[in-house]
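Single-structure report; data block below.
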Amino acid sequence: MSKIIQKVKGTRDFYPQEMAQRQWLIEKLRVASEAFGYQQYDGPCLEQIDLYAAKSGEELVKEQAFVFEDRGGDPITLRPELTPTVSRMVASMQNQLTFPLRWWSFGPFWRYERPQKGRTREFFQWNIDQIGSDSVLADAELLAVAARFFREVGLTPEHVQLHVNDRELMNTELSKIGVTDAQKPEVLRLIDRLDKLPADVWDKLVLDAGLNETQLADLKTLFENKELWRNSERLVQVFQYLDDLGESAYISYDPRIIRGLDYYTGVVFEAHETEGEFRAILGGGHYADLVADVGGKPAPGVGFAMGDVVIMLVLEKYGLLPTDSIDPKTLFMTIFDEDCLPATLALLAELRQAGFKVVMSEIDRLGKQFRYADRIGVKRVLVLGPSEIEKGLVVVKDLATGDQQKVQRKDLISVLS
RNA sequence: GUGCCUGUAGCUCAAUGGCAGAGCGCUUCACUGUGGCUGAAGAUGUUGUGGGUUCGAGCCCCAUCAGGCACCCCA
């Protein structure tokens, strides 16, 4: 055999079983999205690099995007995220769209990073946003969508939690302990990195950022205060709305949630597996403006993104992924022998016309045919041999129970239904 | 982009520098109108790739590729 060319680093093959799981996931997030009236959309996977130059953190494009020249020599980027694309789509149709927009999307993205567990170079992402609304209800709604999704896939509040915070609250609280506006970005960044650094190293970095010992102590009190949210009218409302929506079990307050991206201005949130085994499942928040940088009128909103990699690892951990790679309702039609073939093909056509999914066997020993049927995962096998043809019968065997019955051919469709 | 760990049959893993193995899976048969279960027999392979050291390398050294872990960043 000649050498098999390796797949591109950080990409994954989706064999039928993995593909079935991806389709299952898409179906679940579609249900969650559409339950709240969100509409599906998508943009191109290729974008001009200029689209990312303005916004969205220079590092993402400079160091993490796949960029190449097209044949005309123009730099093209494989989209590393969807936000700039949405911004453009909204800005260029702003006068014709009805706000607030409720949009969701699922598609591939690329980032040139070192692959590791939960992180690949090619991944899929669920993006969902409510654009053009500044209300707290919108913040609560997006959190409710996420909660609905978790329930839809079978993850309970014991498995996953949505950790919520308010950036404005943190700003205010930092001012209260005397952190200057100039110091805030660095301090917020350090809060974000809290559990990644050893305690003494973290303390030193805070002091290096210009805070004194008292402020360091105040800061620690701050992010250990699980009741801090009561100081934010917005969070009080969000939690009340989520309570009214019946989703509060999935929600918890966490003063350490900051989010790296600069454009978040209000409520921010991340979903984590409760045992802390994986990186964030999804992340998002409220932004003051999505489109100004691409030349539109200001459009505030709230949204989140969920990559496929981490959520699949979490679902696998809890045994919630489907394992069938073929629809188990699919039927299997054996072929008894050459002489029975015409009658078998006629029956196949009839069943498919009636809406059944039916796999046709190969002419072989019946035992082999059953074995194949069992291995591809179908649950019911039909046999049409000489004696059945003579008597107008079809044998239906249930592979799970081993039960087998002879059915009048005219009754077959109703028996199978 | 930085540091570290790993790479042997389809899968999970063994093998003091001295004939490359086990379990599971796979193929065939027992079983010419029936899968799973059982029994018997059989095939697993350029030890990721390319160099080097050595009488001799899966094992030691170098490079490279891939995966994993910690950074960085984030989904």
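Proteins come first, then strands; the chains are lettered A, B, ... in the order of their sequence lines, and each starts at number 1.
At the heavy-atom level, A:Ala373 lies nowhere under 4.0 Å from the strands shown. Within the nucleic acid shown, A:Gly284 has no heavy atom closer than 4.0 Å to any nucleic acid atom. Among the protein residues, A:Leu399 comes within range of the nucleic acid bases, having at least one heavy atom under 4.0 Å from a base atom. Looking at heavy-atom distances under 4.0 Å, A:Arg121 makes no contact with the nucleic acid at all. Here A:Arg380 lies out of heavy-atom contact (under 4.0 Å) with every strand. Across all strands, A:Glu122 comes closer than 4.0 Å to no nucleic acid atom at all (heavy-atom distances). Within 4.0 Å of A:Thr11, counting heavy atoms only, lies no atom of the nucleic acid at all. Counting any heavy atom pair closer than 4.0 Å across all strands shown, A:Ile281 reaches sugar-phosphate atoms only and no base atom. Using a 4.0 Å heavy-atom criterion, one finds that A:Lys368 contacts the sugar-phosphate atoms exclusively. Looking at heavy-atom distances under 4.0 Å, A:Val383 makes contact with a base. At a threshold of 4.0 angstrom between heavy atoms, the contacts of A:Arg189 are confined to the sugar-phosphate backbone, with no base atom among them. Within the 4.0 angstrom heavy-atom criterion, base atoms lie near A:Ala400.
Taking every side-chain heavy atom of A:Pro115 into account, B:rG67 is the closest of B:rC73, B:rC72, B:rG67. For A:Arg365, counting side-chain heavy atoms from C-beta on, the closest listed nucleotide (B:rC31, B:rC69, B:rU27) is B:rC31. In this structure, of B:rC72, B:rA75, B:rU34, it is B:rC72 that holds the atom nearest to the side chain of A:Gln116. Which of B:rC69, B:rU34, B:rG33 sits closest to the side chain of A:Ser387 comes down to B:rG33.
Following rounding to the nearest Å, A:Lys117 (NZ) and B:rC73 (P) show an atom-to-atom distance of 23 Å. Atom CG in A:Asp364 sits about 13 Å away from atom C1' in B:rU28, given to the nearest Å. Spacing between atom CZ of A:Phe304 and atom P of B:rA75 amounts to 12 Å, rounded to whole angstrom units. Separating the CD1 atom of A:Ile26 from the P atom of B:rA75 is a distance of 20 Å, rounded to the nearest angstrom. Atom CD1 in A:Ile389 sits roughly 15 Å away from atom P in B:rG33 (whole-Å rounding). Atoms NZ (A:Lys7) and P (B:rG48) sit 17 Å apart, rounded to a whole Å. Atom P of nucleotide B:rA75 and atom CH2 of A:Trp104 are separated by 19 Å, given to the nearest angstrom. When the P atom of B:rG33 is taken as reference, atom CD of A:Glu390 falls 16 Å away, rounded to whole Å.
B:rC60 and B:rG67: their C1' atoms are spaced 23 Å apart (whole Å). Rounded to a whole angstrom, the distance from the P atom of B:rA9 to that of B:rG45 is 10 Å. Of the C1' atoms belonging to B:rU16 and B:rG58, the separation is 14 Å, rounded to the nearest Å. For the C1' atoms, the distance linking B:rG1 with B:rC59 amounts to 32 Å, nearest Å. Using P as the reference atom, B:rU2 and B:rU64 are 11 Å apart when rounded to the nearest Å. Taking atom P on both nucleotides, B:rU8 is separated from B:rG68 by 14 Å, rounded to a whole Å. When the P atom is used for both B:rU53 and B:rC69, the distance is 37 Å, rounded to whole Å. B:rC26 and B:rG35: their P atoms are spaced 15 Å apart (whole Å).
For the residue pair A:Gln116 / A:Arg279, a side-chain donor-acceptor distance below 3.5 Å is found, with atom types taken as modelled. For the residue pair A:Tyr372 / A:Glu362, no side-chain donor-acceptor distance below 3.5 Å is found, with atom types taken as modelled.
Judged by distance alone with a 3.5 Å cut-off, no donor-acceptor contact links the side chain of A:Arg279 to the base of B:rA75. Put simply, the side chain of A:Thr334 and the base of B:rG33 share no donor and acceptor less than 3.5 Å apart. Applying the 3.5 Å distance criterion, the base of B:rU2 shares a donor-acceptor pair with the side chain of A:Arg114. Interface remark: the A:Glu113 side chain does form a donor-acceptor pair with the B:rA75 base, using a distance-only criterion of under 3.5 Å. Side-chain atoms of A:Gln369 stay outside donor-acceptor range of the base of B:rU34, with no qualifying N/O pair under 3.5 Å.
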Worksheet entry | Evaluation steps, ring pair (Phe, Tyr, Trp, His ring centres under 6.0 Å), between A:Phe68 and A:Trp110 | CA-CA 13 Å; A:Phe68 58 91; A:Trp110 295 266; over 10 Å; no
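The aromatic rings of A:His163 and A:His272 sit tilted relative to each other, their planes meeting at an angle between 30° and 60°.
One N or O on the side chain of A:Thr156 and one on the backbone of A:Glu158 form a donor-acceptor pair closer than 3.5 Å. A donor-acceptor pair under 3.5 Å is absent between the side-chain atoms of A:Trp126 and the main chain of A:Gly307, judged by distance alone.
Contact check for A:Gln17 versus A:Asp324: no side-chain heavy atoms found under the 4.5 Å cut-off. Between A:Glu122 and A:Arg111 the shortest side-chain heavy-atom distance does not fall below 4.5 Å. Residues A:Val359 and A:Phe332 have side chains in contact (heavy-atom distance under 4.5 Å, counting atoms from C-beta outward). Under the 4.5 Å side-chain criterion, counting only non-hydrogen atoms from C-beta, A:Arg151 is in contact with A:Glu247. Under the 4.5 Å side-chain criterion, counting only non-hydrogen atoms from C-beta, A:Ser133 is in contact with A:Gln130.
A:Arg371 has no side-chain polar atom (N or O) that falls below the 4.0 Å cut-off from OP1 or OP2 of B:rC29. Distances shown here put a side-chain N or O of A:Arg375 below 4.0 Å from the OP1 or OP2 atom of B:rC26. In terms of phosphate contacts, A:Lys9 brings a side-chain nitrogen or oxygen within less than 4.0 Å of OP1 or OP2 of B:rA66. Residue A:Arg259 places at least one side-chain N or O under 4.0 Å from the OP1 or OP2 atom of B:rA75.
The aromatic ring of A:Phe336 does not stack onto the base of B:rG33, failing the criterion of a centre distance under 5.5 Å from the six-membered base ring together with planes under 30° apart.
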Worksheet item: Dot-bracket for RNA chain B, 5' to 3', counting Watson-Crick or G-U wobble pairs under 3.5 Å, with [ ] for crossing pairs and | for inter-strand pairs?
Response: (((((((..((((....[..)))).(((((.......))))).....(((((..]....))))))))))))....
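Nearest-nucleotide positions on RNA chain B for A:Gln404 and A:Gly10 put A:Gln404 closer to the 5' end. In terms of position along RNA chain B, the nucleotide closest to A:Lys397 lies nearer the 5' end than the nucleotide closest to the other residue of the pair A:Lys397 and A:Asp308.
Aromatic rings of A:Phe239 and A:Trp229 (six-membered ring for Trp) have centroids within the 6.0 Å cut-off, being under it.
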